[in-house]
Student: 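Below you'll find the structure I mean.
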Amino acid sequence: MTSRPGTDLRHQLAASWRDLTGGALRADGWLPDVVVVGVLLLWGSVGAAVVGTGGGSVPGLMLLTLLQTVPLLWRRRRPGPVAAAVAGACLLQVLTLDSPLASNIAVPVVVYSAAAFGDRRTSRTVLWTALAGAVVAGVDWSWAWAGAGQLLLSVAFQATFMAAFVAVAWVLGDVVRRRKAVAARLEAQDRALARDQTQRAQLAAQGERASIAREMHDVVAHSLAVVVVQADGGLYAARQALDAPPAIGADRAALARATATLETLAHTARESLAETRKLVGVLRDEGAGAEYSPLQGLAYLEELSARVRDSGVPVDVVVRGDVDDLPREVDLAAYRVVQESLTNVLKHAGPDAHVDVDVLRTPAVLLVRVTDDGAGPAADADGEGNGVLGMAERVEVLGGTVHAGPRPRGGWEVVASIPTGDGHGIPSRSTPGGDR
């Protein structure tokens with residue numbers, strides 16, 4: 001279904017008009033002030049013409065009217081300067097004319113605007129200026145015609161009458177200002193409540209993520225570890241059978257196929273186990289998305305220790321043995337053990353701690369030892385962190401062990417033993433940072 005071009009044009013024009021008038025009629029638009037100034041100019045022009053018939057100069061009276069009303073166009077945006085301009089025009093009126101003008105109604109308008117749109121200092125300054133102007137105007141307008149006996153009474157009456165108008169205008173403006181302040185506070189409270197609800201929702205989501213992480217680790221990671229162990233056992237048995245004296249050719253072919261299948265199964269299970277550990281880490285902590293960055297290993301120990309040194313904690317790193325050809329999961333697990341241990345040092349060891357990182361490659365296992373001489377966790381620590389738990393899980397699925405606890409001589413110690421599955425010598429290699 002299509003609409004006619006004329007209908008679309010009318011709709012567009014109507015929308016443009018609504019936008020134009022809506023923007024002009026807003027509290028910060030120009031149209032209300034233009035209307036106020038237009039009405040006051042019309043009223044002042046009529047009054048100037050009436051006063052001019054009594055002997056006054058009509059051009060001079062119109063000039064005073066313009067000076068007192070035109071500045072009201074900026075009364076919302078610049079209430080202080082507008083009040084000063086109107087006060088100057090009123091002072092000029094006192095010096096040149098001994099009678100009121102219709103445009104003097106601009107004074108309570110200015111007082112209202114200063115109270116509603118200005119700050120407290122501007123509001124009170126304009127109020128006291130207007131009250132003083134009421135007394136000056138009462139004296140000026142009574143001096144010309146009141147006798148000596150009636151002068152004081154006339155001044156008191158006129159000054160009180162004009163001061164009452166000024167006071168009412170100021171009270172109305174102050175009420176408007178207070179109402180806007182209350183509305184602003186309510187909006188701020190609404191935003192704070194919205195932020196609080198968002199934070200509560202995030203905390204609930206994090207708790208759910210942690211629960212999912214625990215379930216995944218219990219159900220998936222441990223099951224995959226069992227698969228790895230069983231596949232390695234079957235692979236070992238198949239290779240032993242293949243190494244036995246030859247029997248039937250078909251049986252040996254079947255054993256060869258079984259060996260290849262078990263090798264594929266063990267490799268796939270290990271890869272799945274590594275991916276599961278990464279996913280568990282992401283679920284456990286929303287900020288752990290870095291687990292999906294390129295995998296790091298012991299080759300990056302110097303970069304890691306340099307970041308810790310930059311934070312003010314001395315770190316000595318020693319790597320003994322060839323760690324360049326470690327299996328990927330072993331290399332990553334060792335790196336994560338060091339990373340989490342150094343993180344805990346920054347959290348708990350105190351400002352004067354010194355850290356030693358020692359990595360040893362043996363024919364059977366990779367040993368990782370991180371020690372510090374700091375204060376250790378505070379006595380009031382809640383113990384709800386999962387850093388040590390994560391290290392233990394990461395190492396245990398590889399068949400290793402992790403020990404973390406205080407040292408007899410003070411400080412803290414983390415020792416991890418991770419099987420490597422092959423044999424290598426142990427030539428020594430140290431990263432910059434110095435030996436102790």
Side-chain angles (χ1 to χ4, degrees), residues 22 26-28 119 175-225 272-296 304 307-308 310-313 332-333 335-351 353 370 372 374-397 402 404-406 412 414:
R26 288 196 304 267
D28 58 348
D119 54 29
V175 169
V176 170
R177 183 187 61 80
R178 293 176 182 272
R179 183 174 178 273
K180 291 195 300 182
V182 170
R185 285 197 298 269
L186 291 177
E187 290 180 359
Q189 291 176 0
D190 289 341
R191 289 193 295 269
L193 288 175
R195 288 194 300 268
D196 183 67
Q197 291 177 353
T198 301
Q199 291 173 355
R200 289 177 182 273
Q202 290 176 350
L203 290 175
Q206 289 175 1
E208 186 66 22
R209 289 158 68 96
S211 176
I212 295 173
R214 289 190 294 269
E215 294 295 330
M216 285 192 62
H217 186 270
D218 292 341
V219 175
V220 180
H222 291 305
S223 299
L224 285 174
S272 300
L273 193 57
E275 295 299 323
T276 301
R277 288 199 308 274
K278 291 193 296 183
L279 182 58
V280 169
V282 171
L283 288 173
R284 193 175 269 148
D285 182 5
E286 190 172 358
E291 289 279 343
Y292 282 114
S293 62
L295 294 180
Q296 294 176 312
L304 177 62
R307 290 196 297 267
V308 178
D310 291 340
S311 67
V313 178
L332 178 61
Y335 178 85
R336 295 300 185 199
V337 168
V338 176
Q339 183 184 46
E340 183 61 35
S341 300
L342 293 179
T343 301
N344 289 336
V345 169
L346 294 175
K347 289 181 180 178
H348 306 297
V370 182
D372 67 82
D380 57 349
D382 56 15
E384 294 181 355
N386 52 34
V388 176
L389 175 62
M391 286 191 292
E393 291 174 346
R394 189 182 295 275
V395 172
E396 286 173 0
V397 295
V402 172
W412 195 262
V414 176

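All of these numbers come straight from a predicted model, not from anything done at the bench.
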Student: Can you list everything that forms a side chain to side chain contact (heavy atoms under 4.5 Å, CB included) with R178? Sequence neighbours excluded, please.
Tutor: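 R120, D174.
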Student: Residues two or more places apart in sequence or in another chain: which of them pass salt bridge (charged side-chain N to carboxylate O under 4.0 Å, His left out) with D190?
Tutor: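 D190 satisfies salt bridge (charged side-chain N to carboxylate O under 4.0 Å, His left out) with no residue once adjacent residues are dropped.
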Student: Could you tell me which non-hydrogen atom of A404 sits nearest to which non-hydrogen atom of V414, and how far apart they are?
Tutor: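 Closest approach of A404 to V414: CB-CG2, 4.0 Å.
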Student: Holding to salt bridge (charged side-chain N to carboxylate O under 4.0 Å, His left out), I want the full list of residues that pass it with R185, two or more places apart in sequence or in another chain.
Tutor: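 Checked R185 against salt bridge (charged side-chain N to carboxylate O under 4.0 Å, His left out); zero matches.
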Student: Rounded to the nearest 0.5 Å, what separates atom CE in M391 from atom CG in N344?
Tutor: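 One gets 6.0 Å once the value is rounded to the nearest 0.5 Å.
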Student: So, taking the atom named CZ in R191 and the one named OG1 in T198, what distance separates them when rounded to the nearest 0.5 Å?
Tutor: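 Going from CZ on R191 over to OG1 on T198, the span is 13.5 Å.
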Student: Minimum heavy-atom separation for Q339 to L304, with atom names?
Tutor: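 Minimum heavy-atom contact is CA-CD2, 3.7 Å.
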Student: Please collect all salt bridge (charged side-chain N to carboxylate O under 4.0 Å, His left out) contacts where either partner lies in residues 192-205, sequence neighbours excluded, each pair once.
Tutor: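 Non-adjacent pairs meeting salt bridge (charged side-chain N to carboxylate O under 4.0 Å, His left out): D196-R200.
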Student: Out of V338, V337, T343, which one pairs with S341 under the side-chain contact (heavy atoms from CB on, under 4.5 Å) rule?
Tutor: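 The passing option is V337.
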Student: Would R336 and L332 count as a side-chain contact (heavy atoms from CB on, under 4.5 Å) if you check the C-alpha gap in whole Å, the side-chain angles of each, and the deciding distance to 0.1 Å?
Tutor: CA-CA 6 Å; R336 295 300 185 199; L332 178 61; 3.6 Å; yes
